[in-house]
Amino acid sequence: MQTHMTQNASRIHSNEIAAYVGERVQVQGWVHTLRLLGGVNFLVLRDGRGTVQAVTEDEANLAPLVEPALQPETVITLEGVVVASDQAPGGFELHQPTIEVITPVTEPLPVLISKKEIKASLTNLLDHAVTVNRHPRRQAIFRLAAAAIGAFRAHLNQRGFIEIQTPKIVASATEGGANVFAIDYFGRPAYLAQSPQFYKQIMVGVFESVYEVGPVFRAEPHDTARHINEYVSLDVEFGFIRDHFTVMAVLRDVLTAIFSAMEETCAGELAMLNAHMPVLPDTVPMIDFTAAQALILERHGVDVRGEPDLSPQDERWLGEWASAKYGSDFLFVVGYPMSKRPFYTHPDPERPLYSNSFDLLFGGVELVTGGQRLHRYADYLAALKRADMPVEPFASYLEAFRYGMPPHGGFAIGLERLLMQLLGGTNLRLTTLFPRDMGRLTP
RNA sequence: GGAGGCGUGGUGUAGCGGUUAGCAUAUCGGCCUGUCAAGCCGAAGGUCGCGGGUUCAAAUCCCGUCGUCUCCGCCA
C-alpha cells in the first residue's frame, strides 16, 4: 500500500484537472461517494469548487478508506494521474490513486448528501443545514447568491456608487410598520435595524449615490413560505433624480447586470438547478396601483378597489397578467396610496393621496420596493406630524434634510426572494443559508 | 396572530380497528471490471411524537399536549 505522498506535489482544485492531463496531481477534499464494483472502483472527491472522480482496479488503493469503514465526508488528500476519458464525468479522471486520510468520519450523516436529490423534509434539511449545504445543489444556490451580490456591486461601482456599511444596532424603532427586535445595549434600550433606510438617505448627502449589502431584521410574527426574520437586503439610494422613474431605470439595469453575470459565470449551477433566466424586457411593463385593482376586478371579478395595498393573491394575478400580455416575468406597480407607505415617501405631485413609489413583482411576488423620498426639511416635519410621530427621536436623521438634500430615491432587493423566484422555489428558507424564522434560531 | 394538514427504523414513506408494522435508501457482511441516484444476495435497525380515553383488540377512532408544514394577514 502506498501511503507516501509526493513531496513536491502541490494541491490543485477539482475544476483545474483538465490542464494537467498526463501529470500526477494532488487534490484535497471530502469523500463524496465511494463505489466498489469489484473489479473496478470509483471514488468521487468533492472540494470547494466541484467534484473529481478517481478510478482504480486495485481495491487496495482505497484501503485507507475501506478498511476502517470510513464514511462519506471523510477529508482526504488524493493523488492520481489525470486521464482524459469519455467515460469520466466531466471528461477527466484520476488514475493510480493514493489516499491519505486527513480527518476521518466514522458515522453516516443524518441526511444523505451523496445522492443527486436531497431526500429530506424541510425540517430535517434545515436542522442539518450545516452538512446539507455541502450538497452540490445546495452549493449551487449560494454560488448564485454570491454571483448576484458580486454583480450588484460591480454594476453600481461602475456607475460611481459608493458602498457603505451602516449600523445594525440602532437607537429608535424607526419606520413603523415592521416590528423591531429590542436588545439590551449596556442597559439602554436599542434595536436591530429593520432597514438601512435612514442611513442610506443620510449618506446621499455625503456621496450622492450609495449602496449597501447587509442583513435586516424584522420582528414581524409572520409564518409563511416567503418570510423570514433576518434576510439580506441589497439597498440602493441616490440623489438628483427627477422622480421614481429615474430609480426604476437604475433598478432595471442592476437586475440585468445580476442576471447577465449569473448566466456568464454560473452556467453549471443554473443547469444543475434546472433554472432558466427570467424574461426582463428592456422596458419592464408597468401598471398603476388603481389600474391594477381595476384590472383584477375585470379579469377575476374580485373587487379590491379601495384596499390600500395589494394582497399576495392580487400580486400573483398581476404577475400572470404581465406574463400573458407582455411575456415579462417582471412587473412594476407604481403609485401606491400614501396611507400605506412610510412617512418619508414622496407624494405624486399631481395626486397627493398617491405616492411616487413602486414595487417590482417577480413571478407575482414582491421582490423590490422603492421610490422617491421627501427631501425638504419642512416636508419631513409635516409628514411626521401627519403620521402623529414625534420629531425628537429622528433628530439626527432630520439634520440631513435641514442642511440640504437633493431630490433622491432608492430601492431594496430581497436577495433570498430573488433566488427563490429565479429557481422556482417553494420556500424562502431553501434559498437562505441558515434561515431565521419564528421557530428557528439554529443552526 | 387566524385557518387547515401532518408526526411510523438514521432518512423518505406505505399501512388508517385484528399485519411477525411493508417498501426505498443509508449502515454492516458477501458477490460484482466503468460506476456516475450502480446492481444482486443476506443481516441488523421501529416501545408507530407524548399523555389520557373508547374497544375483546389502537400506528389506525376520540380528547389533550408538544413539534412541524401549508394557506391567510403583514412585508423584501
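Computation of the quantities below employed the complete heavy-atom set of this structure, encompassing side-chain atoms and omitting hydrogens, waters and symmetry-equivalent molecules. Chain naming here is simple, since letters A, B, ... match the order of the sequence lines and numbering starts at 1 in each.
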Assess whether side-chain contact (heavy atoms from CB on, under 4.5 Å) is satisfied between A:Met438 and A:Asn229, documenting all intermediate values.
CA-CA 7 Å; A:Met438 284 179 76; A:Asn229 296 292; 4.1 Å; yes
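- Across all strands, A:Val44 comes closer than 4.0 Å to no nucleic acid atom at all (heavy-atom distances).
- You'll find the side chain of A:Thr33 stays beyond 4.5 Å of the side chain of A:Gln53, heavy atoms only.
- Comparing the C1' positions of B:rG22 and B:rC48 gives a spacing of 13 Å, expressed to the nearest Å.
- Contacts of A:Ile228 with the nucleic acid, taken as non-hydrogen atoms under 4.0 Å apart, include base atoms.
- Using a 4.0 Å heavy-atom criterion, one finds that A:Gln87 contacts the bases of the nucleic acid, with or without backbone contacts as well.
- The closest side-chain donor-acceptor pair between A:His227 and A:Thr224 falls under 3.5 angstrom.
- Atom P of nucleotide B:rG73 and atom CE of A:Met438 are separated by 16 Å, given to the nearest angstrom.
- Judged by distance alone, the side chains of A:Thr77 and A:Gln28 do bring a donor and an acceptor atom under 3.5 Å apart.
- One interatomic measurement links the two molecules: CG of A:Leu415 to P of B:rC75, which rounds to 21 Å at whole-angstrom precision.
- Look at CG on A:Leu122: it is 17 Å from P on B:rG67, rounded to the nearest Å.
- Atom name P, nucleotides B:rG52 and B:rA14: the rounded distance is 28 Å, in whole Å.
- Residue contacts for A:Asp309: at a heavy-atom cut-off of 4.0 Å it reaches the sugar-phosphate backbone alone, with no base atom in range.
- Among the protein residues, A:Glu107 comes within range of no part of the nucleic acid, since none of its heavy atoms lies under 4.0 Å from any strand.
- The separation of B:rG15 from B:rC61, taken at their P atoms, amounts to 12 Å, rounded to a whole angstrom.
- The residues A:Arg373 and A:Glu237 are annotated as salt-bridged, a charged nitrogen and a carboxylate oxygen being separated by less than 4.0 angstrom.
- Residue A:Leu234 is classed as having no contact, given no heavy-atom separation below 4.0 Å to the nucleic acid.
- What separates CD of A:Glu307 from P of B:rC74 is a distance of 8 Å, to the nearest Å.
- Rounded to a whole Å, the CD atom of A:Gln421 is 18 Å from the P atom of B:rC75.
- Residue contacts shown for A:Pro89 include a base, since a base heavy atom lies under 4.0 Å away.
- Backbone-only engagement by A:Ser311 is indicated by non-hydrogen atom pairs under 4.0 Å involving sugar-phosphate atoms exclusively.
- Looking at heavy-atom distances under 4.0 Å, A:Ser121 makes contact with sugar-phosphate atoms alone, never a base.
- Using a cut-off of 4.0 Å between Lys/Arg side-chain N and Asp/Glu carboxylate O, A:Asp309 and A:Lys340 are scored as not salt-bridged.
- Nucleotides B:rC36 and B:rU25 place their P atoms 13 Å apart, quoted to the nearest Å.
- At a threshold of 4.0 angstrom between heavy atoms, the contacts of A:Ile413 with the nucleic acid are absent.
- Scanning atom types as modelled, no donor and acceptor separated by under 3.5 angstrom connect the side chain of A:Glu220 and the base of B:rG73.
- Contact annotation for A:Leu367: backbone-only contact, meaning every heavy-atom pair under 4.0 Å involves sugar-phosphate atoms and none involves a base.
- The base of B:rU35 lies close enough to the side chain of A:Gln53 for a donor and an acceptor atom to sit less than 3.5 Å apart.
- Residue A:Ala69 places its side chain closer to B:rC28 than to any other of B:rA76, B:rU27, B:rC28.
- Rounded to whole Å, the P atom of B:rC41 lies 13 Å from the corresponding atom of B:rC23.
- By the 4.0 Å N-to-carboxylate-O rule, A:Asp47 lies too far from A:Arg49 to be salt-bridged with it.
- Within 4.0 Å of A:Ser233, counting heavy atoms only, lies no atom of the nucleic acid at all.
- A:Glu93 comes within 4.0 angstrom of a nucleotide base, judged by non-hydrogen atoms across all strands.
- Residue contacts for A:Arg137: at a heavy-atom cut-off of 4.0 Å it reaches no nucleic acid atom on any strand shown.
- Using P as the reference atom, B:rA26 and B:rU68 are 29 Å apart when rounded to the nearest Å.
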